[in-house]
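Below, each value reflects all heavy atoms present in this structure, side chains not excepted, and no hydrogens, waters or symmetry copies. Along the sequence shown, residues carry numbers from 1.
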Amino acid sequence: MAKKNIFTDAFGTPYFLKRFIIFILGIVSYRRFNGFNKLKITGTEHLVDLPDSNVLFVCNHQTYFADVAAMYHAFCAVNNGYLDTIKNPIYLLNPKIDFYYVAAEETMNKGILPKIFKIAGAVTVKRTWRAEGKNVNRMVDLTEVDNIMKALDNGWVATFPQGTTSAFAQGRRGTAKLVKSQRPIVIPIKINGFRRAFDKKGLRVKVTGVKPTMEFKAPLDIDYDNEKAPEILLKIMTAIEQTEDFNVLHNYDEELKAKKLEQKDSNH
């Protein structure tokens, strides 16, 4: 386990700088979640007695930055005793600083704002299957895996198993392999309404009056010794409600096709 430092985080960023950035970003984003749109948070009671490290949050993904910004608000609020609410932004004065999130390297290197977000706690990774809008096939960079493990050794980490903001995209096996090797407490987060309320980057309010939701679920029951990575991945994807069973539109399309086939058969 990496040794903790009282002045800097796992990657050498001074805590005073992280506190300042989280405070500023929190103030700037506050009205997006408790003004233009009212974020509804549930299940934060599952966060109260968690250890300070080796906790992995797995979440479906709808925007690049709004999802993570909402998590910061929720974690900072819980850190100060506020459950299921972000109505009192005084919590930003005492933020949750040992929180990290896994993000695509190409996303975090475009523009000044993403670079500021990066300092707040990003653990960047290169996508192995897609880069700059094109399909690629490259090996996993083991130093990036080491960085995620270092972050887990020092705090809480949020990751998006699908690696994309597309709904019902396939989960990536790397998340399950990480869970099997590191054995963290795994907390699923289900978000909804972010795609409708914000633009794809999550920086601009697209529609007001939306009530995005963020639901923290109970820790997953995982048998680290006997369950294989595909089983763990299925458990994660089911918990964040991103398997095809939850895809209402897909089911509707399939039912429509089946009905048309039946009508065709009955007409012959």
- Asn60 side chain to Ala167 main-chain N or O, any donor-acceptor pair under 3.5 Å? no

- Applying side chain to side chain donor-acceptor pair (under 3.5 Å), name anything that partners Tyr15, two or more places apart in sequence or on another chain. Asp98

- Message: Working to the nearest 0.5 angstrom, can you tell me the gap between Ile148 CD1 and Thr124 OG1?
- Response: 9.5 Å

- Checking Lys206 side chain against Arg195 main chain: does a donor-acceptor pair fall under 3.5 Å? yes

- Message: Do Tyr82 and Lys87 make a side-chain contact, defined as non-hydrogen atoms from C-beta onward lying under 4.5 Å apart?
- Response: no

- Message: Whether the side chain of Lys211 engages the backbone of Leu39 through a donor-acceptor N/O pair (distance < 3.5 Å, no angle test) should be reported.
- Response: no

- Query: Is the shortest heavy-atom distance from the side chain of Leu178 to the side chain of Leu152 under 4.5 Å?
  - Reply: yes

- Query: Is the backbone N or O of Leu25 less than 3.5 Å from a side-chain atom of Tyr72, with the two atoms forming a donor-acceptor pair by type?
  - Reply: no

- For a side chain to side chain contact (heavy atoms under 4.5 Å, CB included) with Ile187, tell me which candidate from Val55, Val58, Leu220, Leu56 qualifies. Val55

- Message: Looking at every non-hydrogen atom in both residues, tell me the closest pair between Trp156 and Pro51 and how far apart they are.
- Response: NE1-O, 2.8 Å

- Please report the shortest heavy-atom distance between Thr159 and Pro161, naming the atom on each side. O-CD, 3.5 Å

- Note on the structure: Residues passing the side chain to side chain donor-acceptor pair (under 3.5 Å) test with Lys96, sequence neighbours excluded, are none

- Can you run down the ring-ring contact (aromatic ring centres under 6.0 Å, His included) pairs that involve residues 17-50, sequence neighbours left out, and say none if there aren't any? Phe33-His73, Phe33-Phe198

- Sub-3.5 Å donor-acceptor pair from the side chain of Asp84 to the main-chain atoms of Thr44, do we have one? yes

- Message: Quick check for you: to the nearest 0.5 Å, what is the distance between Ile189 atom CD1 and Glu215 atom CD?
- Response: 10.5 Å

- Transitive ILVMFWY side-chain link Val207 to Ile191, under 4.5 Å: no

- Query: Hey, are the side chains of Met108 and Phe65 touching, using non-hydrogen atoms and a 4.5 Å cut-off?
  - Reply: yes

- Query: How far does CZ of Arg173 sit from NZ of Lys180, to the nearest 0.5 angstrom?
  - Reply: 15.5 Å

- Query: Side-chain heavy atoms under 4.5 angstrom apart, residues restricted to Ile, Leu, Val, Met, Phe, Trp, Tyr: same cluster for Leu50 and Val48?
  - Reply: yes

- Do you know which two heavy atoms are closest between Asn37 and Ala197, and how far apart they sit? ND2-CB, 3.7 Å

- Task: For the pair Arg32 (side chain) and Val28 (backbone), establish whether a donor and an acceptor sit closer than 3.5 Å, ignoring hydrogens and angles.
- Result: yes

In a table with atom names and distances, give each donor-acceptor pair under 3.5 Å that connects a side chain of residues 232-240 to protein atoms at least two apart or in another chain.
from	atom 1	to	atom 2	distance (Å)
Lys235	NZ	Asp221	O	2.7
Lys235	NZ	Glu227	OE1	3.3
Lys235	NZ	Glu227	OE2	2.7
Thr238	OG1	Leu234	O	2.7

- Query: Can a donor-acceptor pair be found between the side chains of Ser53 and Asp153 at a distance below 3.5 Å?
  - Reply: no

- Message: If I compare all heavy atoms of Tyr224 with all of Val186, which pair ends up nearest, and what's the gap?
- Response: OH-CG2, 4.5 Å

- Going from CG on Asn54 to CE on Met149, what distance comes out if it is rounded to the nearest 0.5 angstrom? 9.0 Å

- Task: Supply the atom-to-atom distance Thr164 OG1 to His61 NE2, rounded to the nearest 0.5 angstrom.
- Result: 7.5 Å

- Query: To the nearest 0.5 Å, how far apart are CZ in Phe75 and CD1 in Ile22?
  - Reply: 11.5 Å

- Message: Between Ser181 and Lys177 (side chain of the first, backbone of the second, donor and acceptor by atom type, cut-off under 3.5 Å), is there such a pair?
- Response: yes

- Heavy atoms of Thr107 and Pro114 approach each other most closely as O-CB, 3.6 Å

- Task: May I ask you to decide if Pro14's main-chain N or O and Asp9's side chain share a donor-acceptor pair within less than 3.5 Å?
- Result: no

- Do Ile112 and Val68 sit in the same hydrophobic cluster, where Ile, Leu, Val, Met, Phe, Trp and Tyr count as joined when their side-chain heavy atoms come under 4.5 Å apart? yes

- State, yes or no, whether a side-chain contact exists between Thr175 and Phe160 at a heavy-atom distance under 4.5 Å. no

- Between Asp225 and Arg183, is the closest basic N to carboxylate O distance under 4.0 Å? yes

- Query: Is Ile86 reachable from Val210 through a run of hydrophobic residues whose side-chain heavy atoms are each under 4.5 Å from the next?
  - Reply: no

- Message: Other residues, nucleotides and ligands only: do more than 12 of their heavy atoms fall within 6.0 Å of CG on Asn94?
- Response: yes

- Query: Is it true that the side chains of Glu144 and Asn147 contain a donor and an acceptor less than 3.5 Å apart?
  - Reply: no

- Message: Atom NZ of residue position Lys40 - does it have more than 12 heavy atoms of other residues, nucleotides or ligands inside 6.0 Å?
- Response: no

- Task: For Ala158, check side-chain contact (heavy atoms from CB on, under 4.5 Å) against everything at least two apart and list the hits.
- Result: Phe57, Met71, Phe99, Tyr101

- Could you walk me through whether Tyr100 and Phe11 pass the ring-ring contact (aromatic ring centres under 6.0 Å, His included) check? CA-CA 10 Å; Tyr100 307 88; Phe11 303 101; 5.7 Å; yes

- Backbone of Thr213 reached by a side-chain donor or acceptor of Asn192 within 3.5 Å: no

- Closest non-hydrogen atom pair between Lys18 and Ala120, with its separation: CE-O, 3.0 Å

- Taking Asp199 for its side chain and Arg204 for its backbone only, find out whether a donor-acceptor pair lies under 3.5 Å. yes

- Message: Suppose we screen for side chain to side chain donor-acceptor pair (under 3.5 Å). Which residues come up paired with Thr165, at least two apart in sequence or across chains?
- Response: none

